[in-house]
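Position 1 is the first residue of the sequence; numbering continues from there.
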Amino acid sequence: MADHTAALAAFGRVRALAAAHDAALDTATRLMHAHAWIGGGAPTFTADLTQRRTALQAAFTDALRALADLVVRHGGPAPGLPALTSPVTAMSAPSGAFQGIDPRAMTALVSALDHAGHTLSAAGAQLAGELSAQGLSAQPGQTVGDIARWAATHGEDLRRRLTRIQQAVPWTLLPVTVAAYGLFGAGATDRHGITATLDRLAVGDVQAIRALLALQEQGNEGSLAARVNAWWQTLDTTLRQHLMALPGFGLLNGLPAGVRDQSNRHWLTAEKARSTRELDAATAEARSNPVALGRWEHLADQLRRIQLIEKELQPAPGYPQPLLLGFDLVGLGRLIVSWGDPDTADITVTNVSGLTSKLDTVHGDLQQARALWQQAAKTSGDRTIACITWYGYDAPQIDPTLLNPTTSVAFESAAARGGASLAAFQDGLHAAHQPSGTARAVVIGHSYGSLTTGHAATLRPGKLADDLILVGSPGVGVDHAADLGVDPQHVWVGEAGGDPVAALGRFGADPGHHSFGAQHFPVGRTVWTAAHSSYWDRDSTSLRNMGRLINGQYDKLTAPESPLGRPQMLAPDLAPDLALRLQQVTPP
């Protein structure tokens with residue numbers, strides 16, 4: 001019988017080797033868990049790392065068990081097997097803190113992987129040698145060697161990604177979007193081929209813009225804006241300037257607001273020059289060919305819309321520089337303008353209008369956004385505010401389209417399509433915002449726009465906004481505030497006395513009814529015929545209270561003056577359900 005001494009000595013050497021290296025991946029695993037990175041391929045990477053750590057400890061355990069069995073077979077006493085498995089204790093990121101990438105932690109992770117790759121390579125070779133010398137399978141040593149190569153490869157890959165991103169992004173913390181789709185993009189699910197489409201766009205393929213905008217309009221891919229933002233952050237300056245000159249590029253959600261503004265203004269100028277040239281040609285043609293008058297009228301209308309947008313973009317004294325985040329001259333038209341930079345604002349407000357909204361009448365919506373910015377700024381202290389007019393969908397109109405269920409105000413189809421676009425737009429605001437643990441997003445939906453807001457909220461539960469404000473709402477498509485994916489304590493409803501639209505409860509439960517579960521804020525009174533459009537009236541109770549809600553000053557809401565203090569036509573505040581009761585009267 002062979003002497004067990006050699007086998008026992010080999011067992012001792014391997015046990016010491018295991019004690020030195022079985023925790024080689026613990027630091028990397030702890031760093032991944034401790035910083036709670038979100039989205040993209042981070043979960044995949046964490047799972048892969050955890051699996052490698054388990055496999056490493058299992059390889060040393062298998063080697064020691066094989067050597068212990070050999071000692072017994074050679075007549076020696078069974079040596080005790082050490083426990084090589086242990087949990088990795090990780091601290092969670094503090095509640096409310098920005099969830100992204102801390103480059104210092106990332107650097108530590110890269111160093112941990114590099115160290116593991118270097119030390120495990122030698123350990124794997126030594127383990128394989130010890131096992132082979134005793135006539136045992138060298139597989140455990142080969143496994144350790146494979147893990148060493150994995151750690152070294154991923155350490156180098158992450159170092160390369162981190163360096164590239166840090167050169168492009170001037171922030172101490174890397175946003176979730178960059179963390180998820182810049183550092184860990186290789187492991188992210190890409191059902192729609194977004195990465196390939198962005199690669200096509202990077203070489204100037206205009207069709208790629210159309211493909212991305214079509215996907216954006218659907219609102220189904222919540223990661224699209226984040227991927228666009230992470231992709232943009234890694235491009236060099238020359239390529240960025242080239243892309244910004246492409247038609248429609250500035251419509252992509254996820255791009256920085258300043259980039260969108262510059263690109264869209266460039267496109268608007270180009271469209272004006274093109275329309276002017278074509279209008280001149282059409283004018284000459286129409287003199288001799290009356291059939292050409294139709295084309296002349298179309299071009300003249302398009303040029304008029306361009307001039308309208310240019311006029312609305314003129315700086316207004318006392319307000320921030322307006323940013324053109326989107327426009328479209330086709331059909332009812334589209335226009336998205338921000339007063340203030342949403343990428344750096346402490347509070348970003350998106351205003352969603354409803355029935356009869358269109359590009360030709362958007363002046364009133366822009367005035368409302370300015371009034372809201374001014375009111376909120378009065379009580380915001382040192383916090384900055386961006387107030388956005390979002391006319392990014394085809395709102396129902398009072399015209400023959402009322403008879404079409406896909407466009408009529410009596411149905412939800414237009415709100416469903418608009419909600420998808422609104423959800424995608426809000427994705428872009430979140431993706432492009434510079435890292436902050438205190439920034440807030442507010443969405444205000446008016447009239448049919450509140451239904452559009454409701455659809456967007458259900459598409460992005462818990463992600464659309466911190467507060468929803470619904471005014472003059474005919475319903476939001478759900479029966480309870482909690483169904484909107486927002487804490488009901490942060491769903492606010494304002495209804496002017498006698499507002500006939502707010503009394504409808506046409507789409508789901510009436511948001512103004514106590515059973516809906518939302519919070520109510522005081523709203524001033526006016527004559528019945530003007531109630532539905534009174535919420536932004538200068539110095540009104542509703543405007544002041546919306547400014548307070550925007551700033552999160554929920555305890556400073558003010559009540560309107562008592563309706564008994566002065567006479568008022570129909571006294572709507574004395575009978576807030578008057579419109580509803582009038583509808584319920586049975587005709588003779």
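At distances below 3.5 Å, at least one donor-acceptor pair connects side-chain atoms of Asn229 with backbone N or O atoms of Gly254. With Gln489 contributing its side chain and Ala518 its backbone, the two residues share no donor-acceptor pair below 3.5 Å. Using modelled atom types, no side-chain atom of Ser473 and backbone atom of Leu470 make a donor-acceptor pair closer than 3.5 Å. Side-chain atoms of Arg240 come within 3.5 Å of backbone N or O of Gln233 as a donor-acceptor pair. Panel note: side chain Arg305, backbone Leu329; a donor-acceptor pair is recorded below 3.5 Å. At least one donor-acceptor pair closer than 3.5 Å links the side chain of Asp466 to the backbone N or O of Ala441. Between the side chain of Ser540 and the backbone N or O of Trp536, no donor-acceptor pair lies under 3.5 Å. Side-chain N or O atoms of Arg548 include none that pairs as donor or acceptor with a backbone N or O of Gln553 at under 3.5 Å. Side-chain atoms of Arg334 come within 3.5 Å of backbone atoms of Gly392 as a donor-acceptor pair (strictly under, hydrogens ignored). Looking at His480, its side chain does come within 3.5 Å of a backbone N or O of Ala482 through a donor-acceptor pair.
Heavy atoms of other residues, nucleotides or ligands lying less than 6.0 angstrom from NE2 of His266 number 12 at most. By the neighbour-count criterion of 12 heavy atoms within 6.0 Å, atom CD of Glu297 is sparsely surrounded, having that number or fewer from other residues, nucleotides or ligands.
Residues Phe521 and Met546 have side chains in contact (heavy-atom distance under 4.5 Å, counting atoms from C-beta outward). Considering only heavy atoms from C-beta on, Gln368 stays 4.5 Å or farther from Tyr535 through its side chain. Side-chain contact between Leu332 and Gln397: present, with at least one pair of heavy atoms (C-beta onward) separated by less than 4.5 Å. Pro522 is listed as a side-chain neighbour of Leu557, based on a closest heavy-atom distance under 4.5 Å. Contact check for Asp365 versus Ser357: side-chain heavy atoms found under the 4.5 Å cut-off. In this structure the side chain of Ile444 reaches within 4.5 angstrom of the side chain of Leu372, judged on heavy atoms. Side-chain contact check for Gln262 versus Gln241: some heavy-atom pair is nearer than 4.5 Å. Taking 4.5 Å as the limit, some side-chain heavy atom of Val442 sits within range of a side-chain heavy atom of Ile469.
Here the closest heavy-atom approach between residue Pro322 and residue Leu313 is recorded as CG-O, 3.2 Å. Considering every non-hydrogen atom in both Pro488 and Ala481, the closest pair reads CB-CB, 4.1 Å. Closest approach of Val491 and Leu484 over heavy atoms only: CG1-CD1, 4.1 Å. The minimum heavy-atom distance linking Leu325 with Ser338 is given by the pair CD1-CB, 3.9 Å. When all heavy atoms of Leu464 and Thr453 are compared, the pair lying nearest together is CD2-O, 4.1 Å. The shortest non-hydrogen separation linking Cys387 to Asn351 is SG-ND2, 3.5 Å.
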Item to complete: Verify side chain to side chain contact (heavy atoms under 4.5 Å, CB included) between Asp341 and Thr344, making sure each step is shown before the conclusion.
Response: CA-CA 6 Å; Asp341 187 348; Thr344 58; 3.6 Å; yes
Fill in: From CA spacing to verdict: side-chain hydrogen bond (donor to acceptor under 3.5 Å, both in side chains), Thr350, Gln426
CA-CA 8 Å; Thr350 304; Gln426 290 296 111; 2.8 Å; yes
Item to complete: List the steps and the verdict of side-chain hydrogen bond (donor to acceptor under 3.5 Å, both in side chains) for Thr384 and Asp346.
Response: CA-CA 5 Å; Thr384 56; Asp346 297 301; 3.2 Å; yes
Worksheet item: Stepwise, does the side chain to side chain contact (heavy atoms under 4.5 Å, CB included) test hold for Leu429 with Ile388?
Response: CA-CA 11 Å; Leu429 294 183; Ile388 299 170; 3.9 Å; yes
Item to complete: Report the C-alpha separation of Phe516 and Asp479 in whole Å, then their side-chain angles, then the decisive distance to 0.1 Å, and conclude whether the side chain to side chain contact (heavy atoms under 4.5 Å, CB included) test is met.
Response: CA-CA 6 Å; Phe516 186 74; Asp479 293 329; 5.9 Å; no
Item to complete: Take Leu549 and Asn551 through the side chain to side chain contact (heavy atoms under 4.5 Å, CB included) test and state the conclusion after the steps.
Response: CA-CA 5 Å; Leu549 291 176; Asn551 289 318; over 6 Å; no
Discussion item. Show, in sequence, the C-alpha distance, side-chain angles and deciding distance for Lys272 and Glu310, and conclude whether the salt bridge (charged side-chain N to carboxylate O under 4.0 Å, His left out) test is met.
Written reply: CA-CA 10 Å; Lys272 182 178 182 180; Glu310 288 180 330; 3.0 Å; yes
Item to complete: Mind running side-chain hydrogen bond (donor to acceptor under 3.5 Å, both in side chains) on Ser275 and Gln302 for me, showing each step along the way?
Response: CA-CA 7 Å; Ser275 295; Gln302 189 173 60; 3.0 Å; yes
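Rounded to the nearest 0.5 angstrom, Asn253 CG and Ser421 OG are separated by 8.5 Å. If you take CG on Asp487 and CD on Gln519, they are separated by 8.5 Å, rounding to the nearest 0.5 Å. Here the CD-CZ distance, from Glu217 to Arg417, works out to 9.5 Å after rounding to the nearest 0.5 Å. Within the model, atoms CG of Leu224 and CG of Asp427 stand 8.0 Å from one another, a figure rounded to the nearest 0.5 Å. In this structure, Gln207 CD and Leu201 CG are separated by 11.5 Å, a value rounded to the nearest 0.5 Å. Interatomic distance, OG1 of Thr237 versus NE2 of His242, reported as 14.5 Å (0.5 Å rounding).
Classification of the Tyr393-Tyr448 ring pair by plane angle, with boundaries at 30° and 60°, yields parallel.
Between Arg440 and Asp467 there is a salt bridge, since a side-chain N of the basic residue sits under 4.0 Å from a carboxylate O of the acidic one.
Listed by chain and number, the residues in a salt bridge (charged side-chain N to carboxylate O under 4.0 Å, His left out) with Asp328 amount to none (sequence neighbours excluded). In this view, Tyr554 and His490, Trp492 satisfy the ring pair (Phe, Tyr, Trp, His ring centres under 6.0 Å) rule, not counting sequence neighbours.
With ring centers used as reference points, Phe327 lies under 6.0 Å from Trp267.
Listed by first and then second residue, the ring pair (Phe, Tyr, Trp, His ring centres under 6.0 Å) pairs involving residues 355-377 are Tyr319-Trp373 (not counting sequence neighbours).
With Ile550 as the partner, the side chain to side chain contact (heavy atoms under 4.5 Å, CB included) test is satisfied by one option alone out of Ile347, Thr348, Asn545: Ile347.
Side-chain contact, Arg538 with Gln375: no donor N or O sits under 3.5 Å from an acceptor N or O.
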